Amino acid sequence: MSRKLNCQSIITAFMMVFFFIGPFSTTKWSIFFVVGTFAFSASVLLFILPFIRHVSFCRESLYSSLFYLGAFLVSIFSIIINREYLLGEYLNSIIIGRFFTLIITVFVIILLNIWLNSVDDRRLKMCLKIGFFTCCVFVFFAYWQFIGNMFGIEFFVDTRDWMHSVPPSIRSIVPKRLTSLAEEPNFLAPILIEFIILTALFIKGNLKKYLAFTLGVFAVLLSFSGGAIGNLILIFLAFGFLSLARSISTRVFKARDILFVVLTFIFLSFLIAFGDVLFEFIRVKLERESSGSSARSQFISSLIELIANSSTMELLFGHGIASLSVLTDFGLSNEDYLFRISNIFYLDIFWEAGLIGLVFVLCFFGILFKRGLRLYMYNKYIEAGLLLTIHLAITSFYRSEYLSLHFIWVLHMILVCYKLGYNQFYNDKLKAK
């Protein structure tokens with residue numbers, strides 16, 4: 001019994017460390033956090049290995065974890081199909097690095113599922129607070145960077161903060177984009193949105209809460225990330241509709257529901273008044289992107305064309321894990337090979353693991369959505385988990401970090417929110433009897 005308690009304590013210690021360092025994989029020091037996570041997780045697994053027969057997994061989180069990992073198993077199997085293409089650089093370096101990150105992912109997910117099966121609510125809340133604290137660190141340094149930019153003081157971290165695709169009028173007022181500790185705005189923006197979602201759980205008092213919301217929203221806008229701004233709008237719409245649905249169900253309306261309806265009415269009125277101009281702008285923008293005016297859209301178009309020319313087996317099982325790094329071996333011309341990822345999770349996994357891998361990913365998100373939608377009306381933690389799930393699904397349209405510590409960190413936050421929320425719901429139900 002004592003040794004079993006020691007196992008639980010060591011896994012809890014690992015989880016506390018992981019909930020702190022997860023988002024730091026977006027920084028220039030990511031290699032240290034990745035290697036450290038591997039060493040720590042491997043050590044913990046070795047420690048509990050003699051007692052593995054007494055270990056059980058959390059059933060509620062296990063299914064989503066298996067579907068997530070299943071997509072990568074398919075992409076590993078597809079190496080056999082495309083073995084004549086995957087040679088040279090791929091075998092010497094690329095596949096080694098990808099397998100290393102996959103092994104870390106498997107280790108961390110195993111420990112999470114063991115931990116969730118025995119951990120108490122106090123430790124669940126503690127780990128969520130640690131994750132929120134890390135988000136606060138990124139927000140703090142974002143405003144440190146912003147103030148420095150206004151006074152011409154160089155930020156102490158060298159990041160990709162230069163402006164592009166931004167009108168000169170804005171550039172004259174805000175000289176650089178916000179990156180905080182992350183390597184680029186596209187890495188920072190999801191962390192800011194996670195900060196906004198978690199604020200609702202941990203900041204007490206309306207004044208402090210709305211101040212934190214404002215700081216988060218302002219930082220997202222100053223990142224000048226189009227995907228992140230769209231992500232933020234969709235999250236607010238999702239929150240508004242979920243809150244309205246809950247109020248209709250319980251017949252108890254709140255001020256925020258009325259505000260949401262009013263803002264929605266104003267937005268629809270704006271669309272009616274200026275819709276032609278707005279839709280024309282969107283149409284021209286989309287035509288520009290689809291014509292290959294930007295390097296990213298040009299690469300995506302080339303990748304889609306390459307997928308369309310794939311064999312039936314390749315369409316079903318993909319082209320192999322990390323094979324995006326050797327697209328020229330599959331016929332992509334050097335002038336079209338501009339990036340090693342499309343920045344769209346779903347498209348990248350379709351290339352690497354085919355239709356079967358994509359179905360696994362959709363099932364993974366489907367299970368998370370089902371758990372959140374089932375009881376979000378009754379518990380704030382389940383609602384936060386659902387919003388984080390929506391956020392992760394949206395982020396996957398403009399970020400392709402599906403084997404990063406940050407992606408697994410968000411998944412951990414979701415599963416912990418669900419576990420905590422369901423525990424509280426069933427405990428309240430028992431008390432009511």
Side-chain angles (χ1 to χ4, degrees), residues 68 70-91 93-95 97-99 101-102 160 164-165 183-184 186-187 190 225-228 230-231 282 285-362 364-365 392-404 407:
Y68 168 67
F72 304 111
L73 290 177
V74 174
S75 68
I76 292 172
F77 169 77
S78 61
I79 294 176
I80 301 171
I81 301 171
N82 296 283
R83 58 188 179 277
E84 67 270 20
Y85 299 105
L86 304 174
L87 302 169
E89 181 191 1
Y90 180 83
L91 292 177
S93 58
I94 294 170
I95 189 65
R98 184 56 63 89
F99 269 124
T101 54
L102 179 59
R160 296 191 283 274
H164 59 83
S165 304
E183 285 197 89
E184 62 175 76
N186 205 24
F187 294 178
S225 170
N231 187 349
I282 294 173
K285 179 77 173 172
L286 290 175
E287 283 182 357
R288 218 175 134 246
E289 290 294 318
S290 61
S291 66
S293 296
S294 73
R296 180 67 66 179
S297 64
Q298 182 182 338
F299 172 72
I300 292 172
S301 299
S302 301
L303 180 59
I304 292 173
E305 185 179 348
L306 207 58
I307 291 173
N309 294 328
S310 301
S311 67
T312 303
M313 289 291 284
E314 288 170 339
L315 288 173
L316 282 174
F317 296 99
H319 299 78
I321 189 169
S323 56
L324 281 162
S325 298
V326 287
L327 287 178
T328 50
D329 293 340
F330 289 92
L332 190 69
S333 61
N334 286 319
E335 56 268 21
D336 290 335
Y337 189 33
L338 306 170
F339 303 95
R340 289 180 179 263
I341 55 173
S342 70
N343 260 358
I344 304 173
F345 174 23
Y346 309 103
L347 182 58
D348 288 353
I349 205 68
F350 187 24
W351 170 266
E352 292 191 358
L355 182 60
I356 295 175
L358 181 59
V359 169
F360 274 127
V361 169
L362 295 178
F364 158 71
F365 279 115
L392 191 62
I394 296 169
T395 305
S396 296
F397 280 101
Y398 67 93
R399 291 287 304 123
S400 191
E401 54 168 8
Y402 45 86
L403 269 181
S404 72
F407 188 97

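No experiment lies behind these values; they were computed from the predicted model shown.
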With sequence neighbours left out, the residues meeting side-chain contact (heavy atoms from CB on, under 4.5 Å) with Ala71 are Ile349, Phe360, Val361
Going by the rule side chain to side chain donor-acceptor pair (under 3.5 Å), which residues pair with Glu183 if we only count those two or more places apart in sequence or in a different chain?
none
Rounded at 0.5 Å granularity, tell me how far CD1 in Ile307 sits from CG in Leu355.
11.5 Å
Ser396: what forms a side chain to side chain donor-acceptor pair (under 3.5 Å) with it, not counting sequence neighbours?
none
By ring-ring contact (aromatic ring centres under 6.0 Å, His included) - contacts of Phe187 (at least two apart):
none
Results of side chain to side chain donor-acceptor pair (under 3.5 Å) for Thr395 - residues two or more places apart only
Asn231, His391
Report yes or no: does Ser311 contribute a side-chain atom to a donor-acceptor pair with the main-chain N or O of Glu314 at less than 3.5 Å?
yes
Quick one: closest heavy-atom pair of Gly318 and Ser78, and the distance?
O-CB, 3.5 Å
Name all residues meeting the salt bridge (charged side-chain N to carboxylate O under 4.0 Å, His left out) criterion together with Glu184; count only those two or more places apart in sequence or in a different chain, and write none if there are none.
Arg160
Taking side chain to side chain donor-acceptor pair (under 3.5 Å) as the test, write out the residues that go with Ser400, two or more places apart.
Asp348
Non-neighbouring partners of Glu401 that pass salt bridge (charged side-chain N to carboxylate O under 4.0 Å, His left out), sequence neighbours left out:
Arg399
Under a 3.5 Å distance rule, please check whether Glu352 uses its side chain to pair with a backbone N or O of Ile321 as donor and acceptor.
no
Not counting sequence neighbours, which residues clear ring-ring contact (aromatic ring centres under 6.0 Å, His included) with Phe345? List them please.
Tyr402, Phe407
Taken to the nearest 0.5 Å, the spacing of Ile356 CD1 from Phe77 CZ works out to 8.5 Å
Go through the structure and list residues passing ring-ring contact (aromatic ring centres under 6.0 Å, His included) with Phe99, not counting sequence neighbours.
none
With sequence neighbours excluded, tell me which residues meet side-chain contact (heavy atoms from CB on, under 4.5 Å) with Ile304.
Ile300, Leu347
Check Leu303 against Ser342 and note the closest heavy-atom contact, atom names and distance.
CD2-CB, 4.1 Å
Closest non-hydrogen atoms of Ile79 and Ile95, given as atom of the first, atom of the second and distance, are CD1-CD1, 4.0 Å
Using the rule ring-ring contact (aromatic ring centres under 6.0 Å, His included), only one of Phe397, Tyr398, Trp351 pairs with Tyr346; which is it?
Phe397
Nearest 0.5 Å, please: how far is CG in Leu316 from OG in Ser310?
11.0 Å
Between CD1 on residue Ile76 and CG on residue Leu102, distance to nearest 0.5 Å:
5.0 Å
